[in-house]
Amino acid sequence: MRIEMPRYMERIGALKIYDVQKVLELSGGRSSKPTGELPGIINLGRNELEDIESRMAIIVPVKNDNPKVLEGVLSGIPHEALVIIVSNSSRDHIDLYRVETDIVFQFYRLTHRPLVMIHQKDPVWSDALTEAGYPYLLGSDGLVRDGKGEGMVLGLLLAKAMGREYVGFVDADNYIPGAVNEYVDVYATAFYMARSKYAMVRIKWPYKTKFVGKRFYFRRRGRVSEITNKYMNMLIARITRFETDIIKTSCSGEHAMTMELAERIGYAGGFAIESYEYVYMLEEYTGVHEPRFKDILKQTIEIYQIEPRNPHVHEERGDEHLTSMLRTTLSTIYHSELADDELRKRIIDELLSRGALKHNEDLEPPLKLPPIYGARTDKMLKTLEASSETLIIAE
């Protein structure tokens with residue numbers, strides 16, 4: 001993969017946030033020197049990519065997604081990476097999880113690729129998470145709560161238990177397997193570039209594609225992403241006292257981290273998880289207060305934002321879903337300790353103008369989840385292997 005090297009970055013406390021880099025070629029050809037022939041360009045060969053991907057887990061959260069689309073997503077993930085599927089699909093009228101497992105079993109039979117699969121509502125999670133010392137995902141009924149963020153954190157715990165060095169996320173509703181393949185290669189390339197063991201890479205889609213009339217329409221920016229980016233940058237300005245537009249990936253579902261970083265940041269339930277990762281790092285690692293993990297302040301968290309070549313084509317969820325997402329993502333900024341009254345008022349006005357909030361209605365805070373550092377995932381995995389009815393491990 002041939003990709004631009006970072007040209008510009010902003011430093012905010014321990015955070016080093018790079019501006020958007022672009023993929024130049026999906027395959028840059030054979031190169032004995034990964035740095036490439038031209039200054040400012042990196043060309044990583046297939047062997048180097050596969051080496052990093054063999055130490056990576058890709059988490060695919062699923063909820064009632066089209067099984068054929070899920071199969072396409074699996075086919076796009078490079079073979080060397082461990083796939084972790086966490087499903088929260090309905091099992092009531094039609095057991096959609098059984099449909100998904102049939103798809104996955106057939107895929108494994110034909111490819112023999114390493115994978116792990118489990119249902120988010122498996123009752124054994126209660127004992128497993130208690131054994132791990134991480135019960136924060138459990139609801140009052142003893143089951144894991146519904147929510148994308150909760151499923152992603154379950155995947156993180158499984159990746160930690162499986163000893164993976166890197167962990168990434170890919171949504172299950174991506175219609176283009178080639179885009180999925182490119183995302184994972186982008187993750188590996190960013191980790192190759194990183195000089196810190198605390199690194200994150202977030203995908204900035206070049207286009208969100210819709211079929212309008214008789215032709216495709218390539219929209220440059222997602223509506224929720226554009227609005228959330230604006231307010232995330234305003235939040236940064238509350239720290240630096242300078243306006244910025246450095247953040248362009250607040251809502252990036254496709255992103256990846258080193259496990260060293262993934263263990264040391266907090267998360268949020270539901271669709272708040274992607275934006276809250278940024279909020280947590282800004283609150284915790286910019287010198288605002290004494291952090292739990294003090295060693296990070298002496299080092300660097302590198303955050304890469306990379307634009308791939310493939311357009312993003314996913315399931316259209318409708319305006320109601322987008323309105324709910326906007327409300328959820330902006331709540332992470334509104335309730336941040338860094339936000340002032342002016343910023344909070346602007347967020348409320350934004351939500352009111354878009355019908356995402358009613359007058360005199362409170363904006364609920366996100367459900368915050370602590371870092372997974374110290375979770376005894378080895379005990380968790382043993383409990384799951386002994387008692388789970390939905391766990392599948394194929395290696």
Side-chain angles (χ1 to χ4, degrees), residues 55-63 81-89 91 97 101 114-169 197-198 200 255-270 272-274 276-277 280-281 284 291-296 366-395:
R55 293 175 275 150
M56 188 185 301
I58 298 298
I59 298 165
V60 184
V62 182
K63 186 175 183 181
L82 171 68
V83 176
I84 298 177
I85 304 166
V86 181
S87 173
N88 195 25
S89 295
R91 309 196 72 183
Y97 184 69
T101 56
L115 60 87
V116 177
M117 184 174 185
I118 194 168
H119 199 276
Q120 188 164 326
K121 290 293 187 180
D122 192 319
V124 181
W125 275 119
S126 178
D127 291 338
L129 291 171
T130 301
E131 282 286 330
Y134 196 89
Y136 313 104
L137 299 170
L138 300 174
S140 57
D141 58 359
L143 299 175
V144 174
R145 289 184 298 270
D146 291 316
K148 181 183 180 183
E150 286 81 352
M152 290 169 65
V153 175
L154 290 179
L156 282 173
L157 291 166
L158 286 168
K160 175 178 165 66
M162 304 295 283
R164 295 293 151 153
E165 188 176 341
Y166 309 103
V167 59
F169 302 94
K197 62 181 180 179
Y198 306 115
M200 173 183 285
H255 65 287
M257 297 171 272
T258 59
M259 185 57 75
E260 292 277 2
L261 178 61
E263 290 184 299
R264 291 167 173 81
I265 64 173
Y267 301 96
I273 184 168
E274 290 98 354
Y276 183 70
E277 289 171 354
Y280 182 91
M281 289 187 288
E284 194 76 3
R292 175 182 171 186
F293 305 103
K294 300 176 184 178
D295 62 310
I296 291 184
L367 177 65
K368 297 179 182 179
L369 304 168
I372 65 170
Y373 183 88
R376 299 183 294 276
T377 54
D378 54 339
K379 293 185 177 180
M380 178 197 77
L381 186 59
K382 287 180 181 178
T383 302
L384 291 173
E385 289 177 324
S387 306
S388 173
E389 295 181 356
T390 69
L391 177 68
I392 299 167
I393 299 179
E395 294 184 284

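Note that these values count all heavy atoms, side chains included, but never hydrogens, waters or copies made by symmetry.
- Ionic pairing of Arg264 and Glu284 is not present here: no N-O contact between side-chain nitrogen and carboxylate oxygen is shorter than 4.0 angstrom.
- Thr377 is not listed as a side-chain neighbour of Tyr134, based on a closest heavy-atom distance of 4.5 Å or more.
- Residues satisfying the side chain to side chain contact (heavy atoms under 4.5 Å, CB included) criterion with Pro123, sequence neighbours excluded, are Leu143.
- No hydrogens or angles considered: nothing links the side chains of Thr383 and Asp127 as a donor-acceptor pair under 3.5 Å.
- Looking at Val153 and Glu150, their side chains never come closer than 4.5 Å, going by heavy atoms from C-beta outward.
- Annotation: side chain to side chain contact (heavy atoms under 4.5 Å, CB included) contacts of Leu391 (sequence neighbours excluded): Val116, Ile118, Leu384, Glu385, Ser388, Ile393.
- Residues Lys160 and Ala375 share a closest heavy-atom pair of CE-O, 3.3 Å.
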Original post:
side chain to side chain contact (heavy atoms under 4.5 Å, CB included) between Glu274 and Phe169: does it pass, once the steps are laid out?
Top reply: CA-CA 11 Å; Glu274 290 98 354; Phe169 302 94; over 6 Å; no

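- Taken from CH2 in Trp125 to OG1 in Thr390, the straight-line distance is 8.5 Å, to the nearest 0.5 Å.
- Looking at Lys121 and Arg91, their side chains never come closer than 4.5 Å, going by heavy atoms from C-beta outward.
- Taking both residues in full, the closest heavy atoms of Gly269 and Leu369 are given as N-CD1, 4.2 Å, listed atom of the first, atom of the second, then distance.
- Here the CG atom belonging to Asp122 is positioned 11.5 Å from the CG atom belonging to Asn88, to the nearest 0.5 angstrom.
- Listed by first and then second residue, the salt bridge (charged side-chain N to carboxylate O under 4.0 Å, His left out) pairs involving residues 372-382 amount to none (not counting sequence neighbours).
- Two residues are said to be in side-chain contact when any heavy atoms from C-beta on lie closer than 4.5 Å; Met117 and Tyr97 meet this criterion.
- Separating the CD1 atom in Ile85 from the CG atom in Leu158 is a distance of 11.5 Å, to the nearest 0.5 Å.
- Here the straight-line distance linking atom CD of Glu263 with atom CG of Leu156 works out to 9.5 Å at 0.5 Å rounding.
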